[in-house]
Amino acid sequence: MPELPEVETVARLIAPDLLGRRVEGFEIPWARTVGERSPAQFARLLEGRRCVVVDRRAKYLLLGFAAGRESESSAWLVVHLRMTGRLVVEPRSGAASPHRRFSLLLSAGPRRPLAMPAPGPWRGVAAKRAPVASQPASAKVRLDFIDPRKFGRCLATEDPTEVLPALGPEPLGEDFKAESFFAALRARSRQLKPLLLDQSFVAGLGNIYVDESLYRARLHPEMPSDRVSRPKAFALFGAIRTVLTEAIEREGSSFDSFYRTPTGQPGSYQHQFQVYGRQDQPCRACGTTIRRTVVGQRGTHFCPRCQKPARG
DNA sequence: AGCTACTCCTGGTAGC
DNA sequence: TGCTACCAGGAGTAGC
C-alpha cells in the first residue's frame, strides 16, 4: 500500500514527465475520485496552467500549477493513492486501463527540461538515482490516475491546506526531533500501533512501516505510549527514520498486485521485511514464530519474544 | 481523549 | 468448475 516511501518514489519518478507541461483538458471516468469538483471547476482551476511543482506531504502528492509565465503555483492537484491508486504518464493516444478514474491531458513538454524545484523541507532523503522522463518531451501525454478499489482521491484546489487534514511532523523532516517525539509519546496514553498510524501524530506511516519500525525498536504494538522509556522512544525515533530511508532507497514495497512505480517497476523493500506478512515464520533475530494479531482493526505483525509488552 | 464500529470498494482467495 | 462469503486496507466520520 502506498505509504510515505512509495509516495515519495512516485513524486520523484513522475516529476520529469510532468514539469513544464500544460493542462489542456481532463477526463473523469469515476466522478467520486475528484470529490465535489465539477468538470467546470476543474477547467477554471487547472486548464491552461503549467506544472511547476511535484512534491509530497505525508502520503499526499502535490502537483503545483502556475498561470501564464509565472512560476508560483496558483492551483494544485492533491492526490492520495490510498490502497491501490497509481499515477502513470502515457502517450496521449495510448490505451487506458479499465480502472482509470481520472486523467489530465497534458501538452508537449518544454524544449529544455524544467529543473526540479528545491524539494520540500520534509523530503529528508536524497534520491539515489536520477529520475528520467519516460515520455519524449515532444509528445502530448496523459496523466492517468488508476485505482481499482476507488479509494484514492484527486482534488483540485487553490490552496492545499484547505483539502489536507491536520498532519503531524514529517518523520524525515528537520523538525522531527527525538526529544519532542518522546514528549509527544508521553503526552498520550494510546497503544503505539494506532498512535503511529494516526496521521496527526506523525505523518506518512502506514500499516507496513509501523510494524517494521516497532519491531526494529523492539516495542510491543499494544504498549501504551506513555510507558515507553526515554531510550526506547529514541530507539523508535531512529527506527522510523531508518526504515523509511531504506524503503525510499529501494523505491518502496510491492507485493501481490499492489503498488508499482510510475514506470510499472515494483519496489524492492518487501525483501527487507522483518515482520510484515511474515506470520508463522521465524523471527530473523531469535527464531521465535512471528505472530499476526489485530490491533485497532489493523493486521499487526510482531515477534512475541523480541517485542515484549512490558515497560520498554 | 481515546475507543469502537461503520463506510467506502473490489480483487483475491478460502471453502464448499 | 462455479458459486458464495469474506477479507484487507487508509482515512473519514459517528457514537459512546
Side-chain angles (χ1 to χ4, degrees), chain A residues 1-8 10 28-37 56-62 78-87 97-102 145-155 157 160-168 170-171 183-214 221-228 240 244 247 252-260 266-267 269-270 273 275-280 291-302:
Chain A
M1 337 297 127
E3 304 179 24
L4 186 154
E6 289 77 23
V7 180
E8 178 67 28
V10 170
I28 312 176
W30 181 256
R32 296 188 65 168
T33 295
V34 301
E36 309 295 300
R37 295 287 184 205
R56 175 192 65 74
R57 168 77 171 108
K59 301 176 199 171
Y60 294 85
L61 268 159
L62 307 175
V78 178
V79 178
H80 199 305
L81 305 171
R82 290 285 183 97
M83 298 289 301
T84 54
R86 288 185 60 201
L87 284 176
S97 158
H99 302 307
R100 181 176 65 119
R101 309 302 178 198
F102 173 75
F145 181 73
I146 298 165
D147 185 20
R149 294 194 192 171
K150 300 178 175 173
F151 277 11
R153 292 291 178 262
C154 299
L155 306 175
T157 179
T161 61
E162 105 191 345
V163 299
L164 293 176
L167 294 166
E170 282 287 329
L185 289 172
R186 274 274 130 114
R188 314 284 208 98
S189 59
R190 283 178 83 179
Q191 293 178 319
L192 288 174
K193 170 92 187 206
L195 183 59
L196 294 176
L197 284 174
D198 184 339
Q199 301 298 297
S200 68
F201 184 75
V202 55
L205 294 173
N207 211 33
I208 293 172
Y209 298 109
V210 166
D211 282 7
E212 292 297 317
S213 298
L214 287 171
E222 294 177 16
M223 177 183 277
S225 60
D226 57 354
R227 294 215 351 245
V228 177
I240 289 168
L244 293 177
S253 309
S254 300
F255 46 88
D256 300 339
S257 57
F258 294 128
Y259 175 66
R260 294 292 182 274
Y269 190 72
Q270 65 277 14
F273 287 171
V275 287
Y276 187 85
R278 292 196 67 244
Q279 60 271 24
D280 306 325
R291 279 187 53 201
R292 182 186 186 278
T293 57
V294 175
V295 181
Q297 276 89 251
R298 295 287 167 257
T300 297
H301 313 74
F302 69 104

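Naming: A, B, ... by sequence-line order, numbering from 1 per chain.
The closest donor-acceptor contact from the side chain of A:Arg292 to the backbone of A:Val294 lies at 3.5 Å or more, if one exists at all. Remark: the backbone N or O of A:Leu192 is not paired with any side-chain donor or acceptor of A:Glu222 at under 3.5 angstrom. The main-chain N or O of A:Thr33 is never found under 3.5 Å from a side-chain atom of A:Arg101 such that the two would form a donor-acceptor pair. Judged by distance alone, the side chain of A:Gln199 and the main-chain N or O of A:Leu205 form a donor-acceptor pair under 3.5 Å. In this structure, the side chain of A:Asn207 engages the main chain of A:Gly299 through a donor-acceptor pair within 3.5 Å.
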Quick tally for nucleotides 9-16 of chain C: nucleotides whose base has a protein heavy atom under 4.0 Å get B, sugar-phosphate-only ones S, the rest -, giving BBBS----
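The CG-P distance, from A:Asp211 to C:dA8, rounds to 13 Å in whole Å. Rounded to an integer number of Å, the gap from A:Ile146 CD1 to B:dG11 C1' is 16 Å. Distance A:Gln191 CD to B:dT4 C1': 12 Å, rounded to the nearest Å. What separates CG of A:Asp226 from P of B:dG2 is a distance of 9 Å, to the nearest Å. Atom-to-atom, NZ of A:Lys150 to C1' of B:dG11 comes out at 13 Å; the value is rounded to the nearest Å.
The shortest non-hydrogen separation linking A:His80 to A:Phe145 is O-CZ, 3.9 Å.
A:Ser213 contributes atom OG, which lies 11.5 Å from atom CD1 of A:Ile208 (distance to the nearest 0.5 angstrom).
Comparing the end axes of the helix from B:dG2-C:dC16 to B:dC16-C:dG2, each fitted to five base pairs by superposing C1' atoms of four pairs onto the next four, gives an inter-axis angle of 50° (nearest 10 degrees).
Checking the phosphate oxygens (OP1, OP2) of B:dC9, no side-chain nitrogen or oxygen of A:His99 falls inside 4.0 Å.
The residue among A:Gly296 and A:Arg32 whose nearest nucleotide of DNA chain B is located toward the 5' end is A:Gly296.
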Could you give me the CA-CA distance, side-chain angles and deciding distance for A:Tyr269 and A:Glu6, then say whether side chain to side chain donor-acceptor pair (under 3.5 Å) is met?
CA-CA 10 Å; A:Tyr269 190 72; A:Glu6 289 77 23; over 6 Å; no
